[in-house]
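See below for the structure under consideration.
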Amino acid sequence: MEKDVEFVKEIASKEKNFPQWYVDVVRKAELADYTTIKGCMVIRPYGYGLWENMQAGLDRRIKETGHKNAYFPLFIPESLLKKEAEHVEGFAPEVAWVTHGGSQKLEERLAIRPTSEAVICSLYSKWIKSWRDLPILINQWVNIVRWEKVTRLFLRTTEFLWQEGHTVHKSEQEAEEETLKILNQVYRDYIEKDLAIPVIIGRKTEKEKFAGALHTYTLEALMSDGKMLQAGTSHNLGQNFAKAFNIKYLDEDQQEKYVWQTSWGTTTRLVGALVMLHGDERGLKLPPKVAPVQVIIVPIMFDKTKKEVLEKAESIRAILKKNFRVEIDTRDGYTPGWKFNEWEMRGVPLRLEIGPKDMAQGQVMLARRDTGEKTAVKEEKLVEIVKELLDNIQENLFTRAKKFLEENIRETSDYNEFKKIIEKKRGLIKTYWCGSKDCEDKIKEETKASIRCIPFEQEEASGKCIYCGKEPSTLVYFARAY
RNA sequence: CGGGGUGUAGCGCAGUUUGGCAGCGCACCUGCUUUGGGAGCAGGGGGUCGGAGGUUCAAAUCCUCUCGCCCCGACCA
């Protein structure tokens with residue numbers, strides 16, 4: 001550990017000062033930076049490259065499940081936003097309003113979208129006439145503005161990027177199936193396979209659900225400081241919006257009926273999750289599937305052999321380029337050691353070193369970011385080995401994270417022990433809850449822990465509520481959350 | 001929006017108590033020597049000391065007002 005700290009002078013210790021470590025890593029790795037606008041960050045090329053790779057993996061899955069992308073306006077007239085009562089109430093405190101066009105005061109204020117249900121529903125009501133128009137499966141990749149009081153890079157910013165899916169169905173069952181399909185086949189698959197982040201899935205309590213939804217499903221990820229982060233949500237909106245926006249269709253049986261809807265989203269917050277879950281004392285550790293640079297070539301340049309080594313490095317890059325995202329660091333004036341640390345801090349999964357010694361033996365050195373392990377590889381085997389190593393790193397990150405998650409799920413039925421765990425160890429607590437908002441609120445008040453989700457797998461034996469002791473109670477996960 | 005803290009070069013800070021040439025480390029630029037786990041030497045550039053007003057021969061330093069940021073609460077993806 002001491003050795004690690006020595007290598008990374010620019011970032012705070014993860015163990016000693018996690019919040020500072022997080023900010024340092026995000027900024028020094030050049031993922032993002034602060035701007036002069038309060039709560040708004042700039043996503044720098046390296047961070048945006050990461051986001052683009054993340055988008056690609058999720059967008060593919062969204063399309064594979066039959067959805068299409070579209071674009072709806074940034075502005076939402078106040079009257080539209082107000083149509084669904086619970087929805088407005090939920091979002092009103094954090095809406096940014098446009099009141100003027102040029103110097104002219106607007107007749108009606110325009111909200112900058114805090115989410116797009118309202119504007120999309122207003123159009124769905126125009127587009128949907130017949131059962132033949134259904135289902136509608138639309139997604140959009142856009143920016144969102146929510147006037148949060150406290151912001152943190154990626155985790156909570158005034159403006160952020162996300163995708164939001166909005167679907168319309170004939171029946172309650174079909175909407176429910178869609179909500180769960182997104183949760184499992186799209187989000188869970190993406191987050192676990194591409195981002196190597198294991199998740200706990202389940203339903204949100206009434207208190208925690210989306211404003212205006214019938215119910216909300218969630219994917220929750222455990223960060224390495226023991227706090228949970230909501231990684232994505234999928235809402236079954238029921239007919240709340242259909243009724244508020246008058247979205248009806250004429251069914252096969254010639255009856256006019258309200259539609260059933262869903263909406264679901266994931267955000268740039270997931271970038272923060274990657275940093276917080278996989279990172280270590282040396283900085284970022286990116287999963288190969290989304291890393292902007294998968295292999296960084298560091299040529300070892302001595303005066304006499306510089307030319308040959310650079311040529312060799314260039315030819316290796318040309319070969320690897322066909323299958324991998326690869327870059328070469330030819331900067332003068334930085335020692336190899338400096339570059340090693342730099343690229344490790346930026347989370348590149350594999351480093352390839354090539355110098356005169358290697359050239360003489362027809363080999364290169366490969367160093368893994370996740371384990372630090374260094375091996376010599378013959379040139380003929382390079383492509384094969386790089387592929388193998390990248391797959392292995394991806395898997396290893398997930399396995400480690402999964403183990404960490406499992407080790408930090410603790411069961412208790414004793415409230416005092418519950419408090420101790422939350423205070424000292426954090427992580428998740430698996431326990432029972434009677435279903436009353438009162439108990440939920442009290443626990444939050446006394447321990448800062450909230451119910452992250454009600455898992456789908458309910459064990460047969462029912463337990464007593466951790467707070468009031470009432471039976472029967474539901475199995476839930478509690479944790480402190482971001 | 002309540003309680004606390006803090007603003008001095010891109011970053012991290014000293015200087016403020018007791019007013020007297022605006023400094024240090026890192027980063028940056030130039031040159032030479034270097035380069036297999038954060039190189040060395042020499043030279044150089046960069047500041048309306050968060051902002052406004054006041055006291056004074058003289059203000060980073062004292063006074064008044066104001067703004068930003070951070071932490072803890074309340075709110076949240």
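To find a chain, count down the sequence lines: A is the first, B the second, and so on, and within it residues start at 1. Just so you know, these numbers use all the heavy atoms, side chains as well, and skip hydrogens, waters and symmetry mates.
In this structure, of B:rC75, B:rG37, B:rG36, it is B:rC75 that holds the atom nearest to the side chain of A:E148. Listed nucleotides: B:rC11, B:rG36, B:rG73. Nearest to the side chain of A:K28: B:rC11. Closest approach to the A:D303 side chain among B:rG36, B:rG38, B:rU34 is made by B:rU34 (side chain taken as heavy atoms from C-beta onward).
B:rA27 is unpaired under the criterion used here, namely a Watson-Crick or G-U wobble arrangement in which both key atom distances are under 3.5 Å. Across all strands shown, the partner of B:rC32 is B:rG40, judged by Watson-Crick or G-U wobble contacts whose two distances both fall under 3.5 Å. Nucleotide B:rC57: paired with B:rG20 (Watson-Crick or G-U wobble, both distances less than 3.5 Å). In this structure B:rC49 sits in no base pair that meets the Watson-Crick or G-U test at under 3.5 Å.
In terms of phosphate contacts, A:K448 brings a side-chain nitrogen or oxygen within less than 4.0 Å of OP1 or OP2 of B:rG73. Residue A:T335 has a polar side-chain atom (N or O) positioned under 4.0 Å from OP1 or OP2 of B:rA39. Side-chain N/O atoms of A:Y334 include one lying less than 4.0 angstrom from OP1 or OP2 on B:rC28.
Between the side chains of A:D225 and A:Y482, at least one donor N or O lies within less than 3.5 Å of an accepting N or O. In this model, no donor atom of one side chain and acceptor atom of the other lie less than 3.5 Å apart for A:S122 and A:K83. Side-chain atoms of A:S315 and A:R317 form no donor-acceptor pair, as typed in the model, at a separation below 3.5 Å.
Nucleic acid contact class of A:R27 (heavy atoms, under 4.0 Å, all strands): none. Counting non-hydrogen atoms under 4.0 angstrom, A:T218 reaches nothing in the nucleic acid. Note on A:Q230: only backbone sugar-phosphate atoms sit closer than 4.0 angstrom, heavy atoms only; bases stay farther off. No contact: A:K339 has no heavy atom under 4.0 Å from any strand. Using a 4.0 Å heavy-atom distance criterion, A:P19 is classed as making no nucleic acid contact. Base engagement by A:L155 is indicated by at least one non-hydrogen atom pair under 4.0 Å involving a base atom.
One can place CZ of A:F302 at 16 Å from P of B:rU33, the figure rounded to the nearest angstrom. In this structure, A:F91 places its CZ atom 13 Å from C1' of B:rC75, rounding to the nearest Å. At whole-Å resolution of the value, CE in A:M345 and C1' in B:rC11 are 13 Å apart. Taking atom CG on A:D332 and atom P on B:rC32, their separation rounds to 12 Å, with Å as the unit. In this structure, A:D24 atom CG and B:rC70 atom C1' are separated by 13 Å, rounded to whole Å. Spacing between atom CG of A:N341 and atom C1' of B:rA27 amounts to 16 Å, rounded to whole angstrom units. Straight-line distance from the CD atom of A:E353 to the C1' atom of B:rG36: 7 Å, rounded to whole Å. Remark: P of B:rC72 and CZ of A:R480 are 11 Å apart, rounded to the nearest angstrom.
For the P atoms, the distance linking B:rC21 with B:rA58 amounts to 15 Å, nearest Å. Spacing between B:rU6 and B:rA52 at atom P, rounded to whole Å, works out to 23 Å. Using atom C1' as the reference point in both B:rG19 and B:rU55, the two lie 11 Å apart (nearest Å).
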Would you please test A:Y124 and A:F245 for ring pair (Phe, Tyr, Trp, His ring centres under 6.0 Å) and show each step? CA-CA 9 Å; A:Y124 282 171; A:F245 287 85; over 10 Å; no

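Using a 4.5 Å heavy-atom cutoff, the side chains of A:E342 and A:K28 are not in contact. Under the 4.5 Å side-chain criterion, counting only non-hydrogen atoms from C-beta, A:N236 is not in contact with A:T216.
A donor-acceptor contact under 3.5 Å is formed by the side chain of A:R351 with the base of B:rG37.
Taking the six-membered ring for Trp and thresholds of 30 and 60 degrees, A:F210 and A:H87 have ring planes inclined between 30 and 60 degrees apart.
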